[in-house]
Structure formats: C-alpha cells, structure tokens
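Following: one structure in structure tokens, then a few remarks.
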Amino acid sequence: MRYDVGRFRRPMRRSTEGQLMSLISLGDGSTLTLDFTTGVLDPRLTFTRGTDATFINSSGLVQYADANYLAQSETLSGTPWSTNGVSNTSVAVTNPIGGPDSRLIAVTASGGSKSHVASVVIAAGFQYTIRIWMRAGTSTSAAFGVLLGSFLAVTPSIVSGPGSASGTTVCTITGLSSTAWTQVQMVLATTASAGAGGIYIYPNAIANSIGDSIHLWGAQMNIGNTADPYYATTANPYYAPRFDHDPTTGSPKGLLIEGSATNLVNRSEDFGAADWAVDNSGATNPVVTVNYASAPDGNTTADRIQFNKTGGAFSRIRNTFATTGTSGANYTVSVWMRTTSGTGTANVGMRIGSESGGGNYVVTGTWQRFQRTIAVPSTDITFQIMLWDNIVSNDETADVLVWGAQLETGSGASSYIPTGASQGTRNADICYATGADFTSWFSTGPGTVLAISDNTKSNTQNLIANFSDSTTNNYIRMGDNVGGGANELLLTAVSGSVQGGADSLYNPPLNTVYKTAYAWGVNDFACVANGGTVGTDNTGSLAGAGVITSVTLGLDFYQISGPNDVFAKNGHIRLFKYWPTRLPNAQLQSLTT
C-alpha cells in the first residue's frame with residue numbers, strides 16, 4: 001500500500017535559454033512577452049484545471065502541483081460546506097493575514113452533531129494534509145476531524161499559535177486564544193476502501209453547549225504529507241499551473257499544457273498489490289519486494305522486482321485492473337525503472353495486451369521513464385513487464401526497481417498520474433487571457449507571434465495558441481496540423497469560413513525544442529519554423545477583424561467548458577511573444593533561427 005506522495009520544493013534554476021529569452025524586450029515593438037522558463041505565470045493569464053497533476057521539479061523529482069482542494073476556503077459556506085446545528089456568520093475580526101473579517105461558527109442547537117462540514121472526494125492509497133486557522137470565540141476548545149472511517153492515521157498538530165492538539169479521528173484542540181490565531185494541521189493516510197468523505201470542525205469538543213463559538217479562516221487541503229502554500233479559493237478548488245523541468249539537468253522546460261488523460265491501471269506504485277499478478281511459463285515467478293528504495297518522487301516507494309526466466313519462456317508481472325480496450329486503437333504504457341544495484345544494465349521487456357512480442361528496454365543504474373506505444377491487435381490492453389523469449393534481447397534474469405506505472409490512450413506518455421485503488425484522471429490544462437487582460441496588449445488587424453515550444457505526445461492537432469471570439473466563428477489558430485495538413489500551420493477564419501492557411505512544411509519532432517513564427521495581414525499570411533522556408537498564403541481577409549476577444553494557449557478557447565483534447569498542446573510553451581504588426585518574412589526567419 002502507498003501513502004506517501006512527495007512534495008519537494010527547490011529554488012527554480014533559470015537556464016541560459018531563459019536568460020536569452022528575457023533579452024527579447026518590449027522595446028522591439030512587441031506588446032507582450034511571456035517567458036515561462038521563469039516559473040511564474042503572467043498575472044494577465046488565467047489558469048484552471050479541474051484536478052491536481054504532477055510535473056518534474058528543478059531537482060528532477062516527480063512532484064504534485066500546488067493545490068487547495070477546499071472551495072470557499074474563507075467564507076466556509078456553500079459547496080462543499082454544510083452546517084448541522086451550527087451557524088456560520090461573517091464577523092469583523094481581522095483574519096490571520098490582516099484581512100477585515102473571518103467566520104464565526106456558533107452552536108445553535110443542543111444534542112446531536114453540531115458540525116461544520118466540508119465534503120470532498122478522498123482517493124484511496126494516498127496521504128492528504130488538512131489545515132485551518134482557529135481562534136476562540138466563547139469557547140477555547142474545538143473539535144477537528146474527518147468523516148471517513150477508512151484511514152490509517154490522523155496526526156494532529158499545532159502549526160503556529162497557542163494551544164495543543166490531541167486525538168486521532170476527532171482531534172481535540174484546547175487552549176485557543178481570543179486574541180491570537182492558531183493554525184491546526186492533520187495528516188490523513190487513506191486505505192484501500194477510502195472514498196467520498198470530508199472534514200468537520202465544531203466549537204467546544206467537550207460540551208457543545210448552545211452559544212459555544214469559534215472563529216475559523218483559511219481552510220486548506222492538498223495531497224501529500226506536507227502542506228502547500230495557502231491558496232484562497234472561491235467557487236472552485238485551486239490547482240496550480242505546472243512549470244516542468246528536464247529530469248536530468250533540472251533546466252526549465254516552460255509551462256506544461258496537456259489535454260486530459262486517464263491512467264488505466266490501479267496501484268501505480270504498489271507492484272505487490274493483488275491487482276499486479278505474477279506468473280511464468282516454465283520459469284520462475286517474479287519476486288516483488290515493496291518499498292525497497294527511494295523512488296523518482298523522493299519517497300521510499302520504489303519496488304524491487306527480480307525476474308528469472310532461466311529454462312522457461314517468460315517471467316512476468318501484469319496489472320489485471322484494466323484489460324479491455326478498443327482493438328486497433330493506440331495505447332501507451334510507461335514506467336520508471338533502474339537497476340537495483342545502481343550499476344550495470346538489465347534488458348527488460350514491456351508488452352501491451354496480446355501483441356506477439358514487445359519492446360526491449362535497456363535499464364541502467366539511473367532512473368528513466370520508459371514508454372511503449374502500439375495499436376493494440378485486440379481488445380486486450382493488459383500492461384505487462386516481463387522477460388520473454390519473444391522479446392529479442394531480454395535477459396535471462398533481471399533485478400530492477402520499478403515505480404509509476406501508467407497505461408493511457410494515445411501515442412505517447414503524458415505526465416504521470418498516480419493511482420490508488422482505482423484509475424486516476426488528470427483534467428486538461430487551460431490557460432487564457434480575455435477582457436482587459438487581453439485588450440491591454442492585443443490590437444485588431446495585422447499581427448505576428450513568436451513561440452518556442454515542444455511536443456511530448458503525438459497528436460492530430462497540436463495547438464500552440466488560438467486567438468478567437470470565444471466561438472468557432474472567428475479565430476487565428478497556430479500549431480501543428482491545425483487545419484488538417486501534415487505540418488506547422490497558421491489557419492485563420494472569418495465567420496467560420498477559412499481565409500488563409502500558411503504551411504511551413506515543418507513537422508515538429510517529439511521532445512525537441514523548436515521556434516515558430518506566425519504572421520497575418522490582409523491577403524498576407526505566413527508561417528516559418530526553425531529559420532526554414534517561410535510558408536505563405538496570399539488569399540483572404542483578416543480573421544475576426546474587430547471581434548477577436550481572447551487568446552488561449554494550447555487549447556481552443558471555445559472548448560474551455562468541455563475541452564476537446566484533439567486541440568490540446570500536449571507539450572511545453574517556453575516563450576510566447578506578440579507584435580501588433582505584420583513583421584517581414586526575413587525577420588520571421590531571423591526570429592526563428
């Protein structure tokens with residue numbers, strides 16, 4: 001069983017490339033420069049994602065992006081909060097960060113449960129950290145607990161301020177002050193049967209008399225065994241953007257934009273669980289030792305697997321949770337592996353479903369994420385790690401560490417989605433500007449964009465950016481295959497009618513940084529990549545003249561309410577720069593060299 005989810009924060013290192021990007025200043029006539037290698041999101045951009053997600057931090061470790069799962073974190077009212085025998089009112093008592101008000105929770109009925117409850121979905125097999133600020137009202141004590149029976153431990157503690165905490169399921173907080181705030185924390189470790197649950201807080205854990213009251217403010221919940229920085233929420237939870245890094249050098253790759261994906265295996269870090277079956281043919285079953293060594297997330301959650309097919313056909317471990325897919329569709333499996341000794345190499349195979357062979361992967365003493373993509377020959381999509389005679393170059397024995405198994409649809413592995421007792425889903429990243437945040441730098445008419453980006457996953461329409469009127473009618477799309485062709489395109493439309501599509505004849509390779517420039521004017525569209533030939537199209541009027549109202553990075557704006565991942569970036573954007581003029585073709589070439 002897995003309960004640790006690593007959270008490692010290191011100062012972000014700025015690469016030489018990032019420093020060079022900053023030299024492209026607004027003094028060159030541009031009105032917008034977004035340098036995502038700084039690890040900071042420009043305040044004019046809005047970012048949302050409906051779930052938490054992982055990335056590679058500057059230390060090369062897998063880390064969850066910051067999050068606050070609890071909506072209405074300061075009003076403590078409305079979804080997901082409810083009351084039962086208590087009132088919740090705003091009072092003019094300065095909150096812990098100096099704001100003008102906080103909430104007063106008071107008992108209004110005697111007997112029964114007098115709780116203030118937040119209902120949240122708690123996944124099985126993970127740790128969660130929950131924090132909130134408290135202050136005495138008429139009561140100097142409070143109860144703080146979880147509405148969930150399926151947990152291993154709840155550790156209460158006082159993060160700051162007066163008082164003490166004790167207990168397990170219900171944590172009793174005593175010694176609260178009427179003049180100083182106390183921040184209380186619990187760490188919840190869920191078991192296999194965890195599901196929907198929640199937290200509750202109520203005044204005076206002992207008597208619960210009518211009129212007992214406490215002040216509350218700043219509810220925070222995130223995955224992992226340490227707390228994220230506090231993020232205020234309103235109607236929705238907060239999920240941070242991800243600034244990804246190279247796992248080997250730690251250099252920044254920029255803003256990671258991906259479509260939604262689901263990890264179809266469960267127990268992605270627990271190869272000793274029942275859903276990971278071991279078998280063999282004339283050989284020996286693999287031997288699994290859980291929690292054997294430090295994993296790519298920094299926790300001791302990597303499992304050792306000892307394979308031995310000597311004298312037989314195969315020695316295999318396979319995940320039996322997700323076994324049925326769509327015949328002929330592309331699926332990708334991925335997993336981190338390294339040799340247990342940290343030296344030498346081992347030849348280990350990966351296989352999907354009933355394919356006749358599989359891929360051989362040379363595992364070294366350094367953690368690497370290996371992946372395999374095939375169009376499956378049947379509906380069987382079982383993820384298998386094995387030594388097999390049919391996989392050429394596999395060793396007779398192999399002793400390796402494994403961590404982070406993933407099976408997903410499509411060609412290429414997306415960012416890692418940890419799973420517990422069930423599948424896990426990451427929602428699409430949505431990053432956009434509209435309203436005054438957009439019109440402050442965008443000008444209707446001719447324009448030019450320079451982008452530095454990469455692709456991490458094969459995709460039919462890999463969108464770098466889309467200017468639009470927030471519908472399908474008027475737009476300027478920039479990216480790979482956005483108009484149905486094979487290469488890099490600038491595609492424009494007015495009232496739904498395509499006006500121009502300039503093709504650079506450049507097909508961006510996966511995991512390779514490339515520079516593209518896009519320019520548009522009346523009957524004058526152009527696109528170039530990496531200093532190559534400028535593709536042009538001299539037909540059509542300007543797309544959406546006078547009605548363009550937004551830009552979305554990596555996704556069509558009109559799809560924000562229900563993103564279609566065909567239009568997802570699935571890669572990194574390092575630089576995005578805009579000029580309110582149509583730059584000459586020679587300058588477009590120079591910018592992308």
Side-chain angles (χ1 to χ4, degrees), residues 21 23-35 44 432-434 437-453 463-470 473-483 485 487-506 508 514-554 556-557 573-593:
M21 287 178 183
L23 298 177
I24 307 174
S25 68
L26 297 182
D28 59 4
S30 62
T31 58
L32 178 74
T33 295
L34 302 175
D35 180 359
R44 290 168 292 186
Y432 65 94
T434 190
D437 290 333
F438 177 72
T439 57
S440 64
W441 53 266
F442 181 81
S443 176
T444 295
T448 302
V449 161
L450 170 67
I452 302 179
S453 63
L463 195 68
I464 291 176
N466 183 44
F467 291 99
S468 78
D469 61 355
S470 302
N473 290 327
N474 301 283
Y475 56 79
I476 306 168
R477 288 183 184 152
M478 291 155 274
D480 179 31
N481 197 17
V482 295
N487 302 297
E488 208 75 22
L489 293 170
L490 168 66
L491 182 70
T492 64
V494 177
S495 299
S497 175
V498 173
Q499 298 295 298
D503 191 338
S504 72
L505 300 179
Y506 176 76
Y514 57 97
K515 299 179 182 181
T516 49
Y518 310 89
W520 55 93
V522 177
N523 298 323
D524 187 14
F525 306 112
C527 175
V528 61
N530 289 359
T533 301
V534 179
T536 60
D537 189 324
N538 298 318
T539 61
S541 58
L542 289 180
V547 296
I548 295 293
T549 59
S550 64
V551 64
T552 305
L553 301 181
D556 274 346
F557 188 93
I573 299 177
R574 305 190 181 206
L575 177 78
F576 187 83
K577 190 173 178 68
Y578 167 79
W579 289 261
T581 185
R582 166 51 161 107
L583 297 182
N585 289 352
Q587 191 171 355
L588 301 182
Q589 270 187 321
S590 176
L591 286 170
T592 62
T593 299

*Taking atom OG of S550 and atom CG of D556, what is their separation to the nearest 0.5 Å?*
9.5 Å

For residues 490-499, dump all side-chain donor-acceptor pairs below 3.5 Å to protein atoms at least two apart in sequence or in another chain.
residue, atom, partner, partner atom, Å
T492, OG1, G500, N, 3.2
T492, OG1, G500, O, 3.4
Q499, OE1, S541, N, 3.0
Q499, OE1, S541, OG, 3.1
Q499, NE2, S497, O, 3.2

*Is the closest side-chain heavy-atom distance between L588 and R582 below 4.5 Å?*
yes

*With sequence neighbours left out, write down each residue that passes side-chain hydrogen bond (donor to acceptor under 3.5 Å, both in side chains) with T516, or none if nothing qualifies.*
Y518

*How many angstroms lie between atom OH of Y432 and atom OG of S470, to the nearest 0.5 angstrom?*
9.5 Å

*Residue pair F442, L32: steps toward the side chain to side chain contact (heavy atoms under 4.5 Å, CB included) verdict*: CA-CA 8 Å; F442 181 81; L32 178 74; over 6 Å; no

_If the test is side-chain contact (heavy atoms from CB on, under 4.5 Å), which one of L591, T592, L505 qualifies with V528?_
T592

_Before you tell me yes or no, could you show the steps for L553 and L34 under side chain to side chain contact (heavy atoms under 4.5 Å, CB included), namely the whole-Å CA-CA distance, both residues' side-chain angles and the distance that decides it to 0.1 Å?_
CA-CA 11 Å; L553 301 181; L34 302 175; 4.3 Å; yes

*Taking all non-hydrogen atoms of both residues, which atom of D28 and which atom of K577 are closest, and how far apart?*
OD2-CE, 3.0 Å

*Angle class for the Y578/W441 ring planes (parallel below 30°, perpendicular above 60°, tilted otherwise)?*
perpendicular

*Can you name the nearest heavy-atom pair linking P580 to S30, along with the distance?*
CD-CA, 4.5 Å

*Search all heavy atoms of T593 against all heavy atoms of G531 and return the closest pair with its distance.*
OG1-CA, 3.8 Å

*Checking D524 side chain against N538 main chain: does a donor-acceptor pair fall under 3.5 Å?*
no

*Apply side chain to side chain contact (heavy atoms under 4.5 Å, CB included) to the pair L575 and K515, showing each step before the final yes or no.*
CA-CA 9 Å; L575 177 78; K515 299 179 182 181; over 6 Å; no

*Search all heavy atoms of P446 against all heavy atoms of L542 and return the closest pair with its distance.*
N-CD1, 3.7 Å

*Starting at CZ of R574, measure out to OH of Y514 and round the result to the nearest 0.5 Å.*
11.0 Å

*Kindly write out the residues that satisfy salt bridge (Lys or Arg N to Asp or Glu O under 4.0 Å) with D469, not counting sequence neighbours, or none if the list is empty.*
none

*Would you say D537's side chain and G501's backbone share a donor-acceptor pair under 3.5 angstrom?*
yes

*Write down the atom of A451, the atom of I464, and the distance for their closest heavy-atom approach.*
CB-CG2, 3.8 Å

*asked:* Before you tell me yes or no, could you show the steps for V547 and T549 under side chain to side chain contact (heavy atoms under 4.5 Å, CB included), namely the whole-Å CA-CA distance, both residues' side-chain angles and the distance that decides it to 0.1 Å?
replied: CA-CA 6 Å; V547 296; T549 59; 5.6 Å; no

*Would you name the heavy atoms of W520 and M478 that are closest together and state the gap between them?*
CZ3-SD, 4.3 Å

_Could you measure the distance from the OH atom of Y475 to the OG1 atom of T552? Nearest 0.5 Å is fine._
14.0 Å

*Quick one: CG on L489 to OH on Y506, what's the gap to the nearest 0.5 Å?*
14.0 Å

*Between atom CD1 of I452 and atom CG of N530, what is the distance when rounded to the nearest 0.5 Å?*
9.5 Å

